[in-house]
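Each remark here refers to the structure printed beneath this line.
The chains referred to below are lettered A, B, ... by the order of the sequence lines, with proteins before strands, and numbering in each begins at 1.
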2 protein chains.
Amino acid sequence: MNNNVEILRKVKLFDAIDDKLEDMLQCLGSEEKKYDRGEIILMTGQPVTSVGVVLSGEVQIIQEDYYGNRSILTELKPGHIFGEAFASAGIKESPVTILAKSNCRIMFLAIERIISTCPNSCIFHSQLMENLLKILARKNILLSSKNQLLSQRTIRDKVLSYLGLQAEKKGSLEFEIPFSRNELADFLCVDRSALSRVLSQLKKDGTIEYQNQHFRLL
Amino acid sequence: MNNNVEILRKVKLFDAIDDKLEDMLQCLGSEEKKYDRGEIILMTGQPVTSVGVVLSGEVQIIQEDYYGNRSILTELKPGHIFGEAFASAGIKESPVTILAKSNCRIMFLAIERIISTCPNSCIFHSQLMENLLKILARKNILLSSKNQLLSQRTIRDKVLSYLGLQAEKKGSLEFEIPFSRNELADFLCVDRSALSRVLSQLKKDGTIEYQNQHFRLL
DNA sequence: TAATAACAGTTGCATATGCAACGTAAAAGG
DNA sequence: CCTTTTACGTTGCATATGCAACTGTTATTA
């Protein structure tokens, strides 16, 4: 467990629990498991009864749609967690598959141990609940604003909405975006070259200025 | 308070609290306020410190983007709640405005009273936390699957993804959808006539059959 | 240093989409 | 019963987009 402390400190789920972390993990009955590259951690259709914490290695979340098309929803690195929404919602059948992208170690926390009031009524337990709540709430807000972007019908509107949000966030009309062109195109779910085209037009129109990842709204 | 009981029983946030509801609301220091049609319940930029429960009337959630375009995100009816994500996340400035669409009564529950452990350590308090967690988790999953739909690039793919999800949900290739054409177009964020066109094509291709709201995948 | 690969912009082209306008059928309202 | 409204499909047209191919620039690596 000691060799995990560095990682565990970075996990938001454990914020403000600090030095009592090991006690709490004991109290919650956490389990650590190892997976080899390519191994399936959780299969579509299985119940999700615990929250996973990536201790080392990388993990992919994969969705297979009705017609069998697979798509990678996200990739998780050490310190990231998964399954928190499904576990909290009491989902009986996972809609996603979780796969070890590389050899990895995962820690599992049973959700019912997190939710049920601790018999020892330790203060860390309620802190954990509060953290989980905040994580879900934040993700909610994130998903909502992404929804907002994706509901724009043209690339132009998607881009302007995105840049507008960034400007608000930084509190300035001039800012850096955290994406390369490829990544931005992926994020907005549009074709890369089409994105380039629209950006060029916006620049020519005098609506925005940019160079690489630095943008300015006019 | 008595005249609200009917509504309050339908509120998921109060699931499994049953007959002790009034005690709990007292314990949490709930407040009821009245608003006239058109009055602003919460202004963009204000802090969100409580969860709102619509007791009567209708409420609109409105977003104004960076360029001043207003859009109605949702409309809430009696029994619905709002602000739970912003309050739980500890958002300092609300990104949305909440407006009374008609005369209405709203009950507010301060989030810190919900989150902090109850000094009386009443069991209903932890039930409330659990309910809130579940609500956020469910909304999370809902938003994720909507994201999935919106990230499809063509109307055809959006429609097929949507119908695929519905089929999975009903466990059958034949099912009713809960939307009219207009509503479906709104939901998928596409033009109504373009949606009609795509549906016709899919029918002609022999990919699907439908009549009104009844669909069948082939 | 040269070779190679990743990244970003550009362009041609087929197709998809939004938009507006129109027609029809069913529902609502007088 | 007639009128009005609403829902839905259809179509023409301008435009937006995806896709593929090509270019130049910048990193990376041998």
Residue pairs meeting side-chain hydrogen bond (donor to acceptor under 3.5 Å, both in side chains), one or both in residues 34-51 of chain B, sequence neighbours left out, come to B/T44-B/T97

Nearest-nucleotide check on DNA chain D, A/R197 vs B/A194; residue mapping nearer the 5' end is B/A194

Rounded to 10°, the helix from C/dT1-D/dA30 to C/dG30-D/dC1 deviates from straight, judged by its five-pair end axes, by 40°

Below 3.5 Å is the cut-off: list the nitrogen or oxygen pairs between protein and nucleotides 7-9 of chain C, distance only.
residue, atom, partner, partner atom, Å
C/dA8, OP1, A/R181, N, 3.1
C/dA8, OP2, A/R181, N, 3.3
C/dA8, OP2, A/N182, N, 3.3
C/dG9, OP2, A/R181, NE, 2.9
C/dG9, OP2, A/S196, OG, 3.0
C/dG9, N7, A/R192, NH1, 3.0
C/dG9, O6, A/R192, NH2, 3.2

Sorted by chain and residue number, the side chain to side chain donor-acceptor pair (under 3.5 Å) partners of B/K170 (sequence neighbours excluded) come out as none

B/I155 CD1 to D/dG18 C1', in whole Å, measures 14 Å

Sorted by chain and residue number, the side chain to side chain donor-acceptor pair (under 3.5 Å) partners of A/K139 (sequence neighbours excluded) come out as A/E84

Residue pairs meeting ring pair (Phe, Tyr, Trp, His ring centres under 6.0 Å), one or both in residues 179-205 of chain B, sequence neighbours left out, come to B/Y162-B/F187, B/F179-B/F187

* Asked: Taking NZ, NE, NH1 and NH2 as the nitrogens, is one of them in A/K203 or A/E209 under 4.0 Å from a carboxylate oxygen of the other?
  -> no

A/D157 CG to D/dT15 P, in whole Å, measures 16 Å

To the nearest angstrom, the CD-C1' distance between B/Q152 and D/dG18 comes to 14 Å

Separation of C/dT17 atom P from B/R153 atom CZ, nearest Å, is 12 Å

Sorted by chain and number, sequence neighbours left out, side chain to side chain donor-acceptor pair (under 3.5 Å) with A/N131 holds for A/Q127

Here the distance between atom C1' of D/dG18 and atom CG of A/L195, to the nearest Å, is 13 Å

Between CG of A/D191 and C1' of C/dA16 the distance, given in whole Å, is 14 Å

From CG of A/L202 across to P of C/dT10 the rounded distance in Å is 12 Å

So salt bridge (Lys or Arg N to Asp or Glu O under 4.0 Å) across residues 148-160 of chain B, not counting sequence neighbours, yields B/R156-B/D205

Residues at least two apart in sequence or cross-chain that pass side chain to side chain donor-acceptor pair (under 3.5 Å) with A/E75, listed by chain then number, are A/Q60, A/K101

### Axial cation check for A/F108 ring with A/K33, 6.0 Å and 45° limits
yes

In whole angstroms, the gap separating C1' of C/dT10 from CD of A/Q201 amounts to 12 Å

